[in-house]
Amino acid sequence: MNILILGSGGREHALAWATLQNPKCDRVVVAPGNAGIAQICETCALDIMDGDAVVEFATSQSIDFVIVGPEAPLAVGVSDRLRAAGFATFGPSQAAAELEASKSFTKDVCAAVDAPTAAYGHFTDADAARDYIRAQGAPIVVKADGLAAGKGVIVAMTEAEALDAIDDMFHGEFGAAGAEVVIEEFMDGEEASFFVLVDGTDVLPIGTAQDHKRAFDGDIGPNTGGMGAYSPAPVMTDAVTQKALDEIVKPTMAEMARRGTPFQGILFVGLMIKDGQPRLVEYNVRFGDPECQVLMMRLGAQAFDLIQACATGGLTDARVNWANDHALTIVLAANGYPGAYEKGSVIRGLDTLPATSCDMVFHAGTGEKDGDIIATGGRVLAVTARADTLAEARARAYTTTEQIDWPEGFMRTDIGWRAL
Ligand code: AMP
Ligand code: GLY
C-alpha cells in the first residue's frame, strides 16, 4: 500500500517509523515532514490545511490510505474532503473534531450523558464571566473556547489571576479563540492520557501515557506542548481504565453517533484521577505529541493494522498484542521555548545515534541546510527508548541525549519522576 501521512512533528515521525515496519506498506510519504522523517521515507512540501491540494497530491501519488496527524487539518475538514474523494482516511470528520476544536461543545456532550468532568460555565460576555469567577472563587480554570495551540488554558490559583485571564482573553490575547470562554471547576488529582481507537461505534484502548507539560524540572515554569512522556501510566490501573471507558468514553462516543456525527480515529482522553475516580479534562482528536512517540515504540508494526482496521474494516475483531514493556521519551527544545526562541542552530552528533526498535531519536522541528540538521521549531527532538522497565528505558534515553551536541537546546532531567 501507498500511505500518506500529513504532518511534520515528532508524532508524524513516529507514525511513519511504525508504519514502515508493517509488511502491508510499500511506500510512505509524509507531507510536509521534517529532516528526520526524510531520513526514513519520502517527504513532500504541501499545504496540509488546503483540502483541494491534499486530494490532488494523494491522487497524483496513487495513495491508498491517509493518516491525518495534527488537529488543525481535521478541524477544517481535510479528512472529509479525502473521504469524499474516495481515499481511506484515518481521522475524524470536521463535525467530530469539534470534540477538540470547541471546549463548550465537549462540555455539552458530556452533560448530555452525565460523563464525569469539571462543573463549568460558558461565557461570551466578560462581565458575566467575571461575576461567575467572583461567585465560585479560586482555584479556578479559565479556557479559551477554540483551538489555541495548547496555550488557551489558565489554571488560576487566585481570583485576581482568573480575572486577569478574562481581561487577556477578551482583549484578543488568544485571537478569535478567546471571544468565548469556558470557566471550570479546578480538579485536583493526577493527570493521565488514555488513547482509544474509535471506528464510529466500537472502541479499542491502545495505551496510556503521562506527559510533562511544564517547561522545567519539578513541574515548574510555563505550560508547553509536552516536554517528555512515558507509557504505560501506572495511575491507569485496570479499574480506572474500565471506569474511564464505561463512564466517559463509551457514553460520549454513543452520543456523537446519536447526533449523526460518529467519531472515527484516535481519541486522546485527558483524565484527572483522584481516589480511583477518573474525570475528563479534555478530548483531543489526534495522537498526543510526544505521547505518540512512546505509543508507537511500544506498538511497532501492528500500529498500522490497528489504524487501518479503525478507518476501514471496523474494530470488532481487532486486538492489541500487548507487550509487558515501557517506553519513555525526552523532548529537546530550543532555549526560550515556549516563549521566543532562535531558529537555525546546528545540531551535531545525530549520525552515530542508535536507530533500533528500542532506541530512536524522533525529529520534531528540524530541517536540513548544507548537509547539517538544523533546529526549525520550539520542540526539536524526542529521544525515545523502550525496555523491560521504565527505569531502564529512562536511563537509556538520557544516555542517548548525552551524545547530542546542541548548546542552543535544553531538556528536562526528570522525565518519568512520578512513576519512578
Ligand atoms: P487542556 O488544554 O484542557 O488539556 O488544559 C491544559 C492543562 O490544564 C491540562 O492538562 C491540566 O493540567 C490543566 N487543566 C485543565 N483543566 C483543568 C481543570 N478543570 N482542573 C485542573 N487542571 C486543569
Ligand atoms: N502532549 C500534549 C498534546 O499533544 O496535546
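Counting starts at 1 for both ligands and their atoms, following the listed order.
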Asks: For Leu20 versus Ile40, what's the shortest heavy-atom pair and its separation?
Replies: CD1-O, 3.5 Å
Asks: Looking at ligand 2, is there an atom of it that comes within less than 4.0 Å of some heavy atom belonging to Cys292?
Replies: no
Asks: If you count the atoms of ligand 2 from 1 in the order shown, which ones are under 4.0 Å from a heavy atom of Glu291?
Replies: 1 (N), 2 (C), 4 (O)
Asks: What residues form a side-chain hydrogen bond (donor to acceptor under 3.5 Å, both in side chains) with Thr117, not counting sequence neighbours?
Replies: Lys107
Asks: Give a yes or no on whether a salt bridge exists between Asp305 and Lys24, defined as a side-chain N under 4.0 angstrom from a carboxylate O.
Replies: yes
Asks: Considering distance alone, does some N or O of Met187 sit under 3.5 Å from an N or O of ligand 1?
Replies: yes
Asks: Taking the six-membered ring of Phe105, is NZ or CZ of Arg259 closer than 6.0 Å to its centre and within 45° of its axis?
Replies: yes
Asks: Check for me whether Phe287 has a heavy atom closer than 4.0 Å to any atom of ligand 2.
Replies: no
Asks: By number and element, which atoms of ligand 1 are closer than 4.0 Å to a non-hydrogen atom of Glu282?
Replies: 1 (P), 2 (O), 3 (O), 4 (O)
Asks: Relative to the heavy atoms of Phe268, which atoms of ligand 2 are at a distance of less than 4.0 Å?
Replies: 3 (C), 4 (O), 5 (O)
Asks: Could you tell me, atom by atom, which parts of ligand 2 come under 4.0 Å of a heavy atom of Pro290?
Replies: 1 (N)
Asks: Might you point out which heavy atoms bring Ile206 and Leu295 nearest each other, and give the distance in Å?
Replies: O-CD2, 4.2 Å
Asks: What side-chain donor-acceptor pairs closer than 3.5 Å can you find for residues 225-233, not counting sequence neighbours?
Replies:
unit_1, atom_1, unit_2, atom_2, d
Tyr230, OH, Gln210, OE1, 2.5
Ser231, OG, Thr208, O, 2.7
Ser231, OG, Arg298, NH1, 2.9

Asks: Between Glu185 and ligand 1, which residue portion shows a heavy-atom distance shorter than 4.0 Å: side chain, backbone, both, or neither?
Replies: backbone
Asks: Please report the closest heavy-atom contact between Val294 and Glu291, naming both atoms and the distance.
Replies: CG2-O, 3.1 Å
Asks: Would you mind telling me if ligand 1 is within reach of the side chain of Val155, the backbone, both or neither, using heavy atoms under 4.0 Å?
Replies: side chain
Asks: Just which atoms of ligand 2 are under 4.0 Å from any heavy atom in Asp211?
Replies: 1 (N), 2 (C)
Asks: Between Glu100, Lys143, Lys213, flag the one that comes closest to atom 15 (C) of ligand 1 by a heavy atom.
Replies: Lys143
Asks: Are Tyr132 and Phe123 an aromatic pair by the rule of ring centers under 6.0 Å?
Replies: yes
Asks: Nearest to atom 6 (C) of ligand 1 by heavy atom, Val142, Val153, Val182, Val281: which?
Replies: Val153
Asks: Ignoring angles and geometry beyond distance, decide whether Arg379 reaches within less than 3.5 Å of ligand 2 through its nitrogen or oxygen atoms.
Replies: no
Asks: For atom 2 (C) of ligand 2, tell me which residue out of Gly288, Gly225, Gly226 has the closest non-hydrogen atom.
Replies: Gly225
Asks: What is the ring orientation for Phe195 with Phe268, classed by angle as parallel under 30°, tilted 30 to 60°, or perpendicular over 60°?
Replies: tilted
Asks: Just one of Glu184, Glu247, Glu185, Glu190 clears the salt bridge (Lys or Arg N to Asp or Glu O under 4.0 Å) bar with Arg279, so which one?
Replies: Glu185
Asks: Atoms of ligand 1 less than 4.0 Å from Lys103 heavy atoms?
Replies: 2 (O), 3 (O)
Asks: Starting from atom 3 (C) of ligand 2, locate the nearest protein heavy atom and write down its residue, its atom name and how far away it is, to 0.1 Å.
Replies: Arg286 NH1, 3.4 Å
Asks: Regarding Arg286 and Glu100, does a basic nitrogen lie under 4.0 Å from an acidic carboxylate oxygen?
Replies: yes
Asks: Return yes when Arg11 approaches ligand 2 closer than 4.0 angstrom through a heavy atom, no otherwise.
Replies: no
